[in-house]
Amino acid sequence: MRVRFAPSPTGYLHIGNARTAVVNHITAKKSGADFIIRVEDTDKERSTVESEISILDDLRWLGIEWNEGPDKDKGHGPYRQSERDEIYREYTKRLLLTGHAFTCFCSNEQVEEDKKQAMTENRPFLDRCRNLTLTEQEELSFHGEYPVKFKVPVDETIEFDDKIKGHVVFNSSNIGGDFIIVRSDGGPVYNYIVSIDDALMEITHVIRGEDHLSNTPKQILIAKALGLPFPEYAHLPLILGSDKKKLSKRHGITSVDLYRQEGYLPEALMNYLGLLGWSTESGEEILEFDQLVSLFDISSIGKSAAVFDFQKLKWMNGSYIKKYSLSEITDMFIPYLDKAGLEIKSLSREKLENIISITRNSCEILSDIIKPAGIFLNEINIPDEEADKLLKEDYSRDIINTASGIIPVLNDETVLTGLIPGIKENTEHKGKKLFHPIRAMITGTLSGPDLDIAIPVIGYNNLKKRIDYCKQKYC
RNA sequence: GUCCCCGUCGUCUAGGGGUCUAGGACACCGGGUUUUCAUCUCGGCAGCAGGGGUUCGAAUCCCCUCGGGGAUGCCA
């Protein structure tokens, strides 16, 4: 068994494509199949090497490995379609010679008109060039470059058993007429060479997005005309945005790279993407990769499109963050702390882990660490909007004044037992009205770890600075 | 227009004629823990697109409608 993932390098790795890659990867692991990467860079205008590099990089980050690809030739290469031109040329010649393809000399307008005509008469569109003889074609081709089209057989039934969609039946008359396989600039087209490459690379199972479902009959027809085998198919339902339209940038982050940057864990993304469209018998959703592989069954994937739930992904990511050991997760947080400009180099590992241990629970993604960690790492935390509002209240000012009075007589040892009880004793406040302003005053925000835990970690000196700051600003 | 695919809580899904007064998860709401928030924990809200059949019985089978998606000449 051999499966493949065939990205076209025209941009970043989209989350929808990543899902396809993930399903291929899981399937390969499950059945011990080879996983091939083929770069479909036939769109010369939009394909870039940078894009190819970043896509492969994102796949690696996700934890996807391949046995063959542009960087690993195992005898089925080249793995970039742009490097396989000679192969395609041979097959095109063969199709032309056997009468399965022809050169079309019609103008755009002509074709458009003929199609419209066929449509209104409710009959299949037949290209007016499809019956030109080879010599007629050769004579005409002196006038310039023209596209080559595949001669779609009339009224032929094409059917296949899709692993996900089930039995699918098409009639060749509904394909939309003879279609272009080689552009007028000589470049072969996706629907054409995908059949050749899948056959030559001995792909046995094509797992791809549902948007290719209605392309499948064309590809089968081509394989048949060429006498090539064609694979089994599994068409994955599409991933939609919250408005049920195809997932795009306006719905949120769609680039795998950005998920990485924001601090999503590859295991979580893999888990979420792998679980999309099906579920386990037990209902368990947090699945390690090994579980994913052993429990996965491609035919159990649902047939309908799924809305991408950013919130659920976050939740899932958060639960992965909680699963790691303190030491492991600390290492993962460090780059985000660094990037935010927080001073951690001078910190002992013990102190850093201490801070992480009391802040990690509020993190769903790695970059979430910045705010809570800042409570400990900054000298002063400028109160955010909510904290600012609260601190302007009279009772808050009362607390700031009181704190300011007490703090000079305290020190690192006594601050924990002295500060809050002291404020409580010297003011009328208790409960929420006591703790809320204190929290706002010393952390600059309304949420965070327990104050009793936070205070010793912040330390006497910074506490004093923060109280002084609030005294100046609010009293 | 034509052809193909799809339609269970807001979202992801379980369920394939009776065990469904439709189960789980995310989100949301409420209780408990935490002297706030978060974590954790307990509970609640909420759905079979609509209409016809078939059947003793339909979320489950059939048909129609509606809705969404895809393909239909130089994207993949």
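Convention: sequence-line order gives letters A, B, ...; per-chain numbering from 1.
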Hey, does the side chain of [X] come within less than 4.0 Å of [N]'s phosphate (OP1/OP2), counting only N and O?
X	N	answer
A/R208	B/rA76	no
A/K246	B/rG68	no
A/K245	B/rG69	yes
A/T120	B/rG1	no

**Request:** Give the minimum heavy-atom separation between A/S173 and A/D155, together with the two atoms involved.
**Result:**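 Residues A/S173 and A/D155, closest heavy atoms: OG-N, 3.2 Å.
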**Prompt:** Given atom CG of A/L238 and atom C1' of B/rC4, what is their separation to the nearest angstrom?
**Reply:** 14 Å
Picking from [options], which would you name as closest to the side chain of [X]?
X	options	answer
A/N191	B/rA76, B/rG70, B/rU2	B/rA76
A/V307	B/rC5, B/rU72, B/rC12	B/rC12
A/D309	B/rU2, B/rG24, B/rG10	B/rG10

Rounded [atom1] spacing from [N] to [M] in Å:
N	M	atom1	value
B/rU11	B/rA46	P	16 Å
B/rA27	B/rU39	P	8 Å
B/rA59	B/rC75	P	49 Å
B/rC9	B/rG70	C1'	27 Å

Could you tell me whether [X] contacts a base, only the sugar-phosphate backbone, or nothing, with contacts defined as non-hydrogen atoms closer than 4.0 Å?
X	result
A/I180	base
A/T42	sugar-phosphate
A/H212	base

**Message:** Let me spell it out: for each of A/D178 and A/R19, pick the nucleotide of RNA chain B with the closest heavy atom. Which residue's pick is nearer the 5' end?
**Reply:**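 Going by which nucleotide is closer to the 5' end, it is A/R19.
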**Item:** Of A/S8 and A/Q311, the one whose closest RNA chain B nucleotide lies more 5'
**Value:**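 It is A/Q311, whose closest nucleotide lies nearer the 5' terminus.
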Under the 3.5 Å rule, do the base of [N] and the side chain of [X] count as making a donor-acceptor pair?
X	N	answer
A/K312	B/rA25	yes
A/N215	B/rA76	yes
A/S184	B/rC74	yes

**Message:** Which is it for B/rG31, anti or syn, if anything within 90° of zero counts as syn?
**Reply:**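 In terms of base orientation relative to the sugar, B/rG31 is anti.
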**Message:** Using Watson-Crick or G-U wobble geometry with both distances under 3.5 Å, which nucleotide pairs with B/rU2?
**Reply:**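 The answer is B/rA71, by the H-bond criterion.
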**Asked** If you draw a 6.0 Å radius around NZ in A/K44, do more than 12 non-hydrogen atoms from other residues or ligands fall strictly inside?
**Response**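 Atom NZ in A/K44 is packed in, count exceeds 12.
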